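Since the structure comes first, as structure tokens, the remarks are kept for the end.
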Amino acid sequence: MKIRENVAISTLTTMRLGGNARYVIDIEEDKDLAEAYHFADEKSLPTYILGSGSNVIGRDGGFDGVILVNKLHGIYVIDSDPAKIRLCAKSGDLLDDLVEYSVKLWNGESYGYSGIEALSKIPGTVGAAPVQNVGAYGQEIAQTLHSVCVYDCRDNLFKHMMADELDLSYRHSIFNTGDGVGRYFISSVTVELHKHWLKPPFYTSLQAYFDERGVTEFTPQVVRDAVAEIRAGKLPDPAEFASAGSFFKNIYLNEEEAEEAKKKDIPVWDGGKVPSGWLIEHAGLKGKELYGMRVSDKAALILINENAKNYADLARARQAVIDAVKEKFGYTLEQEPMELGDE
Ligand SMILES: Cc1cc2nc3c(=O)[nH]c(=O)nc-3n(C[C@H](O)[C@H](O)[C@H](O)COP(=O)(O)OP(=O)(O)OC[C@H]3O[C@@H](n4cnc5c(N)ncnc54)[C@H](O)[C@@H]3O)c2cc1C
């Protein structure tokens, strides 16, 4: 087990902000988990789990505790029948590698199993996917998640949990709410995928992509390639731009509120969803620079750290966006990424 001391959180997270963590431990095998939690217990320090750090913002005061960085790897077929397959991935694998694996598997008639192809190119690890129930282009992990294996650091044992025990909904699960926060280290994830391909109608921008090109065969690989191309055109590449993806959650309205919004020409999609990116753009902020942060000129929901000096700059930029949207539309935006450390 590798233990490092005084490591900058900015080097472990894609927003590239944050002070030092006292200890960082790489979790390379399941057996490292008990040892790492024991190490933290002995020192009476809190722990924090990190995958790729693409949905976590580091604060300036650093973290007087132990960060467990997930380096568990391996993808296995655990069960299959003529119609479906179960794939189990260790939680430190990249979600995109699991998608790539699934669309290339021979299914007895053709290549590819369907169920996670629209999640292509979402940055981050497999283990983080159930935490906020990642989703994109009409799919979310909840639709295919079968089960997870977790290390429960309260009871000090591994447990198997079925998807319906995880309370998955939009950006929500037992792992990011209440007592579940920090209690479970997800060590592997099992998804159940199907041989049948997705059928139209697709998510609006994906459908437009297919219509423009006259695509009529929606193999998992075709959908993956389309999503990858659409994302490359509008989302900042984490290797080049420091961001945490969508910085704010979309807003969900009840029926009455949705009717009110429509009267004001605010777009309301299925399920009462108001795209927060639209609100930010129509509050006049798309492409604007705020305290060293840039509201992306391609996708206004994304805040890019161009040259923010610290977390305090990000906090000022966040407040400016929240205030502008509140003033123009009356809605209060809520931040999507988690935060780590002291201010
Ligand atoms: C450019 C960009 C685009 C993005 N696009 C999307 C998108 O389309 N859809 C979407 O849903 N998200 C998107 N995101 C957000 C991000 O990719 C996801 O939230 C992803 O699941 C985070 O994975 P990670 O490994 O980086 O998790 P981290 O950021 O390291 O962790 C996220 C949270 O999960 C917890 N966690 C991580 N691993 C485990 C584990 N093994 N066990 C228990 N808890 C754990 C952490 O403690 C933390 O609270 C995007 C981010 C970026 C930078």
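In listed order, ligands and their atoms are each counted from 1. The model shown is predicted, which means the values in this text are computed figures rather than measured ones.
Between Y203 and Y137, the ring-plane angle classifies as perpendicular under the 30° and 60° cut-offs.
Among F247, F175, Y48, the residue whose heavy atom sits closest to atom 49 (O) of ligand 1 is Y48. Of the candidates G135, A118, P123, G135 brings a heavy atom nearest to atom 9 (N) of ligand 1. Of the listed options S120, S296, G245, G245 places a heavy atom closest to atom 53 (C) of ligand 1. Among M338, R183, R231, the residue whose heavy atom lies closest to atom 6 (C) of ligand 1 is R231.
Of all the atoms in ligand 1, the ones that sit under 4.0 Å from a non-hydrogen atom of L50 are 30 (O). Per-residue contacts place V134 under 4.0 angstrom from the following atoms of ligand 1 (heavy atoms of the residue considered): 11 (O), 18 (C), 21 (O). Near A244, meaning under 4.0 Å from one of its heavy atoms, ligand 1 places the atoms 51 (C), 52 (C), 53 (C). Distances below 4.0 Å separate heavy atoms of S243 from the following atoms of ligand 1: 53 (C). Close approach of ligand 1 to N70 is summarised as follows: ligand atoms under 4.0 Å from at least one heavy atom of the residue are 41 (N).
Shortest contact from atom 13 (C) of ligand 1 to any protein heavy atom: I122 CG2, 3.8 Å. At the top of the distance list for atom 32 (C) of ligand 1, counting protein heavy atoms only, stands V56 CG2, 3.8 Å. With respect to atom 26 (O) of ligand 1, the closest heavy atom belonging to the protein is S54 OG, 2.6 Å. Considering only non-hydrogen protein atoms, atom 27 (O) of ligand 1 sits nearest to A128 CB, 3.2 Å. Given atom 43 (C) of ligand 1, the protein heavy atom at minimum distance is Y184 O, 3.3 Å. Residue, atom and distance of the protein heavy atom nearest to atom 36 (N) of ligand 1 are V131 CG2, 3.9 Å. Ranking protein heavy atoms by distance to atom 12 (N) of ligand 1, first place goes to Q132 NE2, 3.4 Å. Of all protein heavy atoms, the one closest to atom 42 (N) of ligand 1 is I186 N, 2.8 Å.
Using a 4.0 Å cut-off between charged nitrogen and carboxylate oxygen, K195 and D81 do not count as a salt-bridge pair. Between E336 and K249, no side-chain nitrogen of the basic residue sits less than 4.0 Å from a carboxylate oxygen of the acidic one, so the salt-bridge criterion is not met. The residues R59 and D342 are annotated as not salt-bridged, no charged nitrogen and carboxylate oxygen being separated by less than 4.0 angstrom. Ion pairing between a basic and an acidic side chain is recognised when a charged N comes within 4.0 Å of a carboxylate O; K326 and D323 show no such pairing. Taking 4.0 Å as the cut-off between side-chain N and carboxylate O, E334 and R171 do not count as a salt-bridged pair. Residues E100 and K104 are paired through a salt bridge, judged by an N-O separation under 4.0 Å between the basic side chain and the carboxylate. A salt bridge between K84 and D79 is absent, with no side-chain N of the basic residue lying under 4.0 Å from a carboxylate O of the acidic one. Here E5 does not pair with K43 in a salt bridge; the nearest charged N to carboxylate O distance is not below 4.0 Å.
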CA sep, side-chain torsions, deciding dist, call: K264, F329, side-chain contact (heavy atoms from CB on, under 4.5 Å): CA-CA 9 Å; K264 296 183 204 155; F329 300 105; over 6 Å; no

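Summarising the local packing, NZ of K159 is surrounded by more than 12 heavy atoms from other residues, nucleotides or ligands at distances under 6.0 Å.
Counted by atom type alone, E140 and N133 present one or more donor-acceptor pairs between their side chains at under 3.5 Å.
Connection of V181 to V148 is not established within any shared hydrophobic cluster, with ILVMFWY side chains joined at heavy-atom distances below 4.5 Å, either directly or through further cluster members.
The residue P337 has no part lying near ligand 1, judged by heavy-atom distances below 4.0 Å. Using a 4.0 Å cut-off between heavy atoms, P236 contacts ligand 1 through its backbone alone, with no side-chain atom that close. Of all the heavy atoms of I49, the ones lying under 4.0 Å from any atom of ligand 1 are found in both the backbone and the side chain. Residue contacts with ligand 1, taken as heavy atom pairs separated by less than 4.0 Å, involve A136 solely via side-chain atoms from C-beta onward. Contact annotation for N55 and ligand 1: heavy atoms of both the backbone and the side chain come within less than 4.0 Å of the ligand.
At least one heavy atom of R171 sits less than 4.0 Å from an atom of ligand 1.
Residue G53 places at least one N or O, backbone or side chain, under 3.5 Å from an N or O of ligand 1.
Looking at W106, W197, Y101 one by one, the single match for ring-ring contact (aromatic ring centres under 6.0 Å, His included) with Y111 turns out to be W106.
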